[in-house]
Protein chains: 2
Amino acid sequence: MSSSQSLRHQLAQELRGLIHSGKLAPGDKLPSEPELAHERAVSRSSMRAAITMLEEEGFVSRRHGSGTYVTHRPALRNDLSRNFGVSSLIASTGLEPGTAAETSELVSAPPFVAHALEVPEGTAVSELRRVRTADGRPVVDTTDWCRADHLSPEELSGLGVGSVYSALGEHGLVVHHGVATITPGNADAETARRLDVARGALLLTIDQVDMTSEGVSVLVSREHHLADAFAFTVVRHGPGVAAEVHR
Amino acid sequence: MSSSQSLRHQLAQELRGLIHSGKLAPGDKLPSEPELAHERAVSRSSMRAAITMLEEEGFVSRRHGSGTYVTHRPALRNDLSRNFGVSSLIASTGLEPGTAAETSELVSAPPFVAHALEVPEGTAVSELRRVRTADGRPVVDTTDWCRADHLSPEELSGLGVGSVYSALGEHGLVVHHGVATITPGNADAETARRLDVARGALLLTIDQVDMTSEGVSVLVSREHHLADAFAFTVVRHGPGVAAEVHR
DNA sequence: ACGCTCCAGGTTGTCTGACAACTAGCGGCA
DNA sequence: TGCCGCTAGTTGTCAGACAACCTGGAGCGT
């Protein structure tokens, strides 16, 4: 499955694993490019391309004439720049992910959903509402919308803890990336009831639009997270490099 | 100054400019690698390395045998993955950034600051507190801490709207990246007073640790943003690629 | 007229080899 | 002892070649 990726992507993935597993610790110097390439029986150019990817991700930094070094960065929990699902999010805390109060139906698209999915307002779209639980405790109230001709309400329901992403993937709609907007908020009456908290409880809301590599928006989601359930982190690059602000 | 960067970084920067300025629109196909390289009188491998960087950043996507295409992604406002200062943040909304209630002093490091800066608890550190305004309206309450032997309280004050980053840079401490944690919150009495809002007002708090490329933590900051002042967005990669969850 | 196959050109992916630019440490020399 | 310069090692760039793959059109058969 991962062999379908190009060679440099596989090599990059292997290097990420070495760093993530601790075999390469922060500050360590990587073996030289020719050495890394020879070990794996690939050309230096492919190895070099893989290292370039990791450099861009901020995992390593190169010093001309000296070597390539693993950068110091803490192990991130719930890195916002990665598009994981809520299940993985819960699982990463060591708790058991579950689903409650799942409903799936055809609804008239709310304005912001219609706009994001690029369909006329009021178009019928598939909606999936779920309350996600961690060890049985409700922690996230999620709503997903997608075009009815992409996934029907029936296909959306019964996923269990399965990801909507994989369901879309089976229809040839591979989610390439998403754009998320983060806002704080207080629980309204309905959300409070669904999450079993007091009305006005503190929430972190993530509105997200997922799209394919062709730029087709295929999934809109709104997640209300209990404030004390998770801590979201993100690595912010610059201003050392690429600090320019255009326009 | 940008010529000190390696060639592929310059080429990548030029390509980013082409995309950002709209000369290359989403969905457009880039000229072929040999063509791009020939136009700029560089080798294909350097051009290719630059494109690899943009691919990793998500600006373009390559299709084997077909070409390289500009990905469709909205212009992001306040992209969290970029480490801009609060001044740039305010300026990007078209409002005039300002500073109020600036105080700078030597304080005993709070536990989480001491831990982040890797100094013993209670060590004296420089603290800079500022209320940032947009067209005169208070919108962000920020506090910065750094080691006293890096920047004294006197050096921290009087920056005007200048960035703490540039002050650190003049001491050879170039901030390479930061790690931010995002949490929702309600204004306590003091923050409410400083921001001139009701106690309990909705806030988005960003705790951040900035470090050099060597991994030395040089700056800790805590920003309380008024909930309705800004919308923070972030591009989330995957699960199309690199969706694996390790451990 | 329509649909299918096959082919040729174009593009990205990978390989090989070479040299330039730069770093860091070691040893000789004053 | 302290400085200089050299050398081995590493990353940066170049050049050329071929493989793998996609796309559109020509040509053919129905």
Side-chain angles (χ1 to χ4, degrees), chain A residues 2-15 19 24 27-71 172 174 176 212-214 241, chain B residues 1-15 18-19 24 27-71 172 174 176 212-214 240-242:
Chain A
S2 72
S3 60
S4 63
Q5 291 280 336
S6 67
L7 179 55
R8 65 168 187 278
H9 285 90
Q10 299 175 45
L11 294 171
Q13 191 60 33
E14 181 187 352
L15 289 180
I19 294 174
L24 288 173
D28 280 2
K29 179 177 169 180
L30 268 67
S32 71
E33 295 175 354
E35 187 174 343
L36 282 171
H38 185 73
E39 286 173 2
R40 291 157 183 76
V42 299
S43 71
R44 186 189 159 204
S45 47
S46 294
M47 200 67 236
R48 202 174 149 68
I51 297 176
T52 299
M53 295 173 62
L54 264 78
E55 183 191 25
E56 198 55 38
E57 294 166 13
F59 289 120
V60 300
S61 108
R62 291 207 256 226
R63 289 186 224 161
H64 187 183
S66 171
T68 306
Y69 301 82
V70 180
T71 53
V174 177
H176 179 259
T212 67
S213 58
E214 286 81 30
V241 293
Chain B
M1 36 200 69
S2 72
S3 59
S4 64
Q5 291 278 343
S6 67
L7 179 55
R8 67 168 186 277
H9 285 91
Q10 299 175 45
L11 294 170
Q13 191 60 33
E14 181 188 353
L15 289 180
L18 288 177
I19 293 174
L24 288 173
D28 280 4
K29 179 178 170 181
L30 269 67
S32 71
E33 295 175 355
E35 187 174 342
L36 282 171
H38 184 74
E39 285 173 2
R40 290 157 183 76
V42 299
S43 72
R44 186 188 157 203
S45 44
S46 294
M47 200 66 235
R48 201 173 150 69
I51 297 176
T52 299
M53 294 174 60
L54 264 77
E55 184 191 25
E56 198 56 35
E57 294 166 12
F59 289 121
V60 301
S61 124
R62 293 207 254 224
R63 288 185 227 163
H64 188 184
S66 172
T68 306
Y69 302 82
V70 180
T71 52
V174 178
H176 179 259
T212 67
S213 59
E214 286 81 31
V241 292

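We name chains A, B, ... by the order of the sequence lines, and we start the count at 1 in each one. Only a predicted model underlies this, so the values are computations on that prediction, with no experimental measurement involved.
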Query raised in the report: Just by modelled atom types, is the A:G58 backbone N or O under 3.5 Å from a matching donor or acceptor in the A:T71 side chain?
Result: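 Here the side-chain-to-backbone pair exists.
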Query - B:K29 (side chain) donor-acceptor with B:V70 (main chain) under 3.5 angstrom - result: no
**Report entry** Salt bridge B:R8-A:E55, side-chain N to carboxylate O under 4.0 Å
**Finding:** yes
Query raised in the report: When rounded to the nearest 0.5 angstrom, what is the spacing between CE in B:M53 and CD1 in B:I51?
Result: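 So the CE of B:M53 and the CD1 of B:I51 are separated by 12.0 Å.
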Query raised in the report: What distance do A:L24 atom CG and A:T68 atom OG1 have between them, rounded to the nearest 0.5 Å?
Result: 11.0 Å
Using atom [atom1] of [X] as one end and atom [atom2] of [N] as the other, report the distance to the nearest whole Å.
X     : N      : atom1 : atom2 : value
A:R48 : D:dT11 : CZ    : P     : 8 Å
B:M47 : D:dA15 : CE    : C1'   : 17 Å
B:L7  : D:dT11 : CG    : C1'   : 14 Å
A:H9  : C:dT12 : NE2   : P     : 15 Å

Query - DNA chain D contacts made by residues 49-71 of chain B, counting heavy atoms under 4.0 Å - result: B:H64, B:G65, B:S66
Requested in this report: Go through the steps for A:L54 and A:V60 under the test side-chain contact (heavy atoms from CB on, under 4.5 Å), then give the verdict.
Outcome: CA-CA 6 Å; A:L54 264 78; A:V60 300; 4.0 Å; yes
Please produce a list of atom pairs where a protein N or O lies less than 3.5 Å from an N or O of nucleotides 6-8 of chain D.
none

Query raised in the report: Within 45° of the axis and under 6.0 Å from the centre of the six-membered ring of A:Y69, does NZ or CZ of A:R62 qualify?
Result: no
Query raised in the report: Any side-chain heavy-atom pair from B:V42 and B:Q10 closer than 4.5 angstrom?
Result: no
Query raised in the report: Less than 4.5 Å apart, any side-chain heavy atom of A:E14 and any of A:R40?
Result: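 Counting from C-beta outward, A:E14 and A:R40 do come under 4.5 Å.
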**Report entry** Closest heavy-atom pair and its distance - B:P31, B:L36
**Finding:**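 Minimum heavy-atom separation between B:P31 and B:L36: O-CD1, 3.5 Å.
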Query raised in the report: Nearest heavy-atom pair of B:A50 and B:A12: which atoms, and what distance?
Result: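 Scanning both residues completely, I find the closest heavy atoms to be CB-N, 3.6 Å.
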Report summary line: Within residues 29-40 of chain B, the residues having a heavy atom closer than 4.0 Å to DNA chain C are B:K29, B:S32, B:E33
Query raised in the report: Do the side chain of B:R44 and the base of C:dG13 come within less than 3.5 angstrom through a donor-acceptor pair of N or O atoms?
Result: yes
